[in-house]
Amino acid sequence: MSDETVKPGNFIRDIINTDNQTSKYDQRVHTRFPPEPNGYLHIGHAKSICLNFGIAEDYPGGKCNLRFDDTNPTKEEDEYVNSIIEDVRWLGFDWADRLFFASDYFEKMYDYAVQLIQIGKAYVDDLTADEIREHRGTLTKPGQDSPWRNRSIEESLSLFEAMKNGKFENGQKVLRAKIDMKSPNLNMRDPVMYRILHAAHHRTGDKWCIYPMYDWAHGLEDSIEGITHSICTLEFEDHRPLYDWFLDALGTYHPRQIEFARLNLNYTVMSKRKLLKLVKENFVDGWDDPRLPTLSGMRRRGYTPQAIREFADIIGVSKSNSTVDISLLEHCLRDNLNKNARRVMAVLEPLKITITNYPEKHIEWLEAENNPEDAAAGTRKIPFSRELYIEQEDFKEESPAKWFRLAPGKEVRLKHAYYITCTDVVKDASGKIIELKCTYDPHSKGGWTEDGRKVKGTLHWVTVEHSIPAEVRMYDHLFMTADPEAVPEGQDFTVNLNPKSLEIVTTCRIEPGLAQASATERYQFLRKGYFCLDPKHSRPGHLVFNQTTGLKDSWAKLENKSQSI
RNA sequence: UGGGGUGUCGCCAAGUGGUAAGGCAGCGGAUUUUGGUUCCGCCAUUCAAAGGUUCGAAUCCUUUCACCCCAGCCA
């Protein structure tokens, strides 16, 4: 670990440093990542995970718990618990033996609630949900006390116990904190602490029929676990007074809640509701569709944990709402893949060429480096022969300005192989180019000559005989517009879906070594981008690769520029 | 028009009274057996706006403006 990898500070670390200086928590630093298991994790969660676990890693003795906030049995499932565990682990974080569930504390929470009733700070309310809403008032009008607000402590106590014992129907009664119905902060207008839910919980089964609300439960969870800094997103800022009120009323250990801005990315959506719609209505291929910003989707797409962690570090942490440009994420991805991905050759849309002066049936095994960024990656042997495929787009009959790929009479280099010159263009009856005749320079073996002649263009290629077929899935942004939520009146964000976000290329020919491609390895298809095996659709004999991301393409940029003039 | 927040380059983001870091994007140029990578240069006289305090203000004060969040028995 070199000292140049020191992470930039942020306002949360400033707070922690100050707390350490004053020994507020005896130099302890203990955070937690508290997902509700009601959906799959996405890149926005990764920001929070990296923040919480990252802080724990960076302070001596720091710890971070993985805690499921499973207080609503109607929405939570084990499937989500499992995927969340897998995703956090995949990112490379470790919670040792500190995997917790809010539901582990239901008994303690119940006892605390009883305490609160006993000191006159909570009461059982018989009002219906509608009535409670009416009594709450509005943003500008104060609320009104419930008629049950001042019932006796004894009565609330026995009613609360009856609630727990299943004596009432859903919605018949709630337990509320007795705070202030006139508070300008709506969260303080006697918030509900417990509701009756006759529903099976994914862990506790039918043991409970009352379940704690977030505001009541969350601070207790933090308190019970000895969390020092409870980091959450901005929308909970208004809840902090409540968080503090409960813990103060109980006189129990009191962590500090700190809020930061959640991550937004352009050209995608992050809300659980929208992701769920895309999945359920089959706009995408499941939660792990490679176009989705879910961690499982990004993993399938070929993202590395390192790229995501680097991204999380680089975007910083603040309190201002912001939308990060997706190109920053892609930059982190390319940066990581460039250093680690093995280079191979694959032709996506083949154009056959015949080297007319190369002997028939002859095969040469040429040496090719696996990664110019990493000498330790070594070299491999690739076959070369008379009949080859190059990329269709690497040949133009009429070559434009600054074109240094193949054209009639033009010489280019075949990567790791020879210089070739195009001598003839073969077309079918419709005028379509179906083959190129070329000659090669036998003195240019390895792609270099002693005469120092300049050959600017270098193409990737495979042999007709040895290459194997493969399917390649090319991806583009899921949405055409930077802000998919900005939609004309009466329309839905799905109108902004990009119809070209997935393009399946079935004509691909890849170098023979890729028959043994590893499901965990990332490859750079030379000049085409980064690719990995699609774990969902690839099979031996029918290889399917996902394009993780393309390479920067300054030729395409040049072309676009000249077109737009 | 209640309360809580936030406004620094196209996008993030440092900066905490001493004269605007960095990254991404963009634009030039060099190197290159990937039009990749790498490298080098350019890219905020100005910090939402207006006043004020000060030798000195993005930082302090005043006023104004814009945007985000809150009226679930969701989290």
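No hydrogens, no waters, no symmetry mates; every other heavy atom, side chains included, goes into these values. Proteins come first, then strands; the chains are lettered A, B, ... in the order of their sequence lines, and each starts at number 1.
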Taking a pair as Watson-Crick or G-U wobble with both distances under 3.5 Å, which nucleotide is matched to [N]?
| N | value |
| --- | --- |
| B/rU62 | B/rA50 |
| B/rG26 | B/rC42 |
| B/rG36 | none |
| B/rG2 | B/rC70 |

State whether [X] places a side-chain N or O below 4.0 Å from either non-bridging phosphate oxygen (OP1 or OP2) of [N].
| X | N | value |
| --- | --- | --- |
| A/H460 | B/rU34 | no |
| A/K561 | B/rG28 | yes |
| A/R527 | B/rG35 | yes |
| A/K528 | B/rU34 | no |

Which pair of non-hydrogen atoms, one from [X] and one from [Y], has the smallest distance, and what is that distance?
| X | Y | value |
| --- | --- | --- |
| A/G219 | A/Y243 | CA-CE1, 3.4 Å |
| A/C438 | A/I420 | SG-CD1, 4.1 Å |
| A/D69 | A/E76 | O-OE2, 3.6 Å |

What integer number of Å spans the [atom1] atoms of [N] and [M]?
| N | M | atom1 | result |
| --- | --- | --- | --- |
| B/rC24 | B/rG3 | C1' | 37 Å |
| B/rG18 | B/rA58 | P | 11 Å |
| B/rU8 | B/rA44 | C1' | 9 Å |
| B/rG52 | B/rG41 | P | 41 Å |
| B/rA30 | B/rU16 | C1' | 42 Å |
| B/rC42 | B/rG4 | P | 46 Å |
| B/rC73 | B/rC68 | C1' | 27 Å |
| B/rA20 | B/rU34 | P | 42 Å |

Would you tabulate the nitrogen or oxygen pairs shorter than 3.5 Å linking the protein to nucleotides 8-11 of chain B?
residue	atom	partner	partner atom	Å
B/rC11	O3'	A/T323	O	3.1
B/rC11	O2'	A/T323	O	2.8
B/rC11	O2'	A/D325	N	3.2

### Minimum side-chain heavy-atom gap A/N371-A/R342 below 4.5 Å
no
### Message
Less than 4.5 Å apart, side chain to side chain, heavy atoms only: is that true for A/E161 and A/Y110?
### Response
yes
From [atom1] of [X] over to [atom2] of [N], roughly how many Å is that when rounded to an integer?
| X | N | atom1 | atom2 | answer |
| --- | --- | --- | --- | --- |
| A/F311 | B/rA13 | CZ | P | 11 Å |
| A/D335 | B/rG36 | CG | P | 15 Å |
| A/K339 | B/rU34 | NZ | C1' | 18 Å |
| A/Y523 | B/rU34 | OH | C1' | 19 Å |
| A/I179 | B/rG3 | CD1 | P | 19 Å |
| A/N370 | B/rU37 | CG | P | 20 Å |
| A/R413 | B/rG36 | CZ | P | 14 Å |
| A/D313 | B/rG22 | CG | C1' | 14 Å |

Are the aromatic ring centres of [X] and [Y] under 6.0 angstrom apart?
| X | Y | answer |
| --- | --- | --- |
| A/F404 | A/W555 | no |
| A/Y80 | A/Y40 | yes |
| A/F236 | A/H218 | no |

### Task
Begin with the C-alpha distance, continue with both residues' side-chain angles, and end with the deciding distance and a verdict on ring-ring contact (aromatic ring centres under 6.0 Å, His included) for A/Y523 and A/F531.
CA-CA 5 Å; A/Y523 300 92; A/F531 295 79; 9.5 Å; no
### Query
More than 12 heavy atoms of other residues, nucleotides or ligands under 6.0 Å from CZ of A/R262: is that the case?
no
### Task
Please say whether more than 12 non-hydrogen atoms of neighbouring residues, nucleotides or ligands are located less than 6.0 Å from NZ in A/K272.
yes
### Message
Walk along nucleotides 65-75 of chain B from 5' to 3' and tag each nucleotide B, S or - by protein heavy-atom contact under 4.0 Å, base first, then sugar-phosphate.
### Response
---SBBBSBSB
### Message
Once hydrogens and angles are ignored, does a donor-acceptor distance under 3.5 Å link the base of B/rU38 to the side chain of A/E373?
### Response
no
Within the 4.0 Å heavy-atom criterion, would you say [X] contacts the bases, only the backbone, or no part of the nucleic acid?
| X | result |
| --- | --- |
| A/Y211 | nothing |
| A/I315 | sugar-phosphate |
| A/W403 | base |
| A/E330 | nothing |
| A/D374 | nothing |
| A/V317 | sugar-phosphate |
| A/R240 | nothing |

### Query
Counting side-chain heavy atoms from CB outward, which of B/rC12, B/rU1, B/rA14 is closest to A/N10?
B/rA14
#### Entry: Given B/rG35, B/rU37, B/rU16, the nucleotide with the shortest approach to the side chain of A/K552
B/rU37
### Message
Apply the syn/anti split at 90° from 0 to B/rG72 and say which one it is.
### Response
syn
### Query
RNA chain B: A/F525 or A/R334, which has the more 5' nearest nucleotide?
A/R334
### Task
Answer yes or no: is there an ion pair linking A/K557 with A/D553, defined by an N-O contact shorter than 4.0 Å?
no
### Task
Might you work through the side chain to side chain donor-acceptor pair (under 3.5 Å) test for A/N72 and A/T74, ending with a clear yes or no?
CA-CA 6 Å; A/N72 184 353; A/T74 65; 2.7 Å; yes
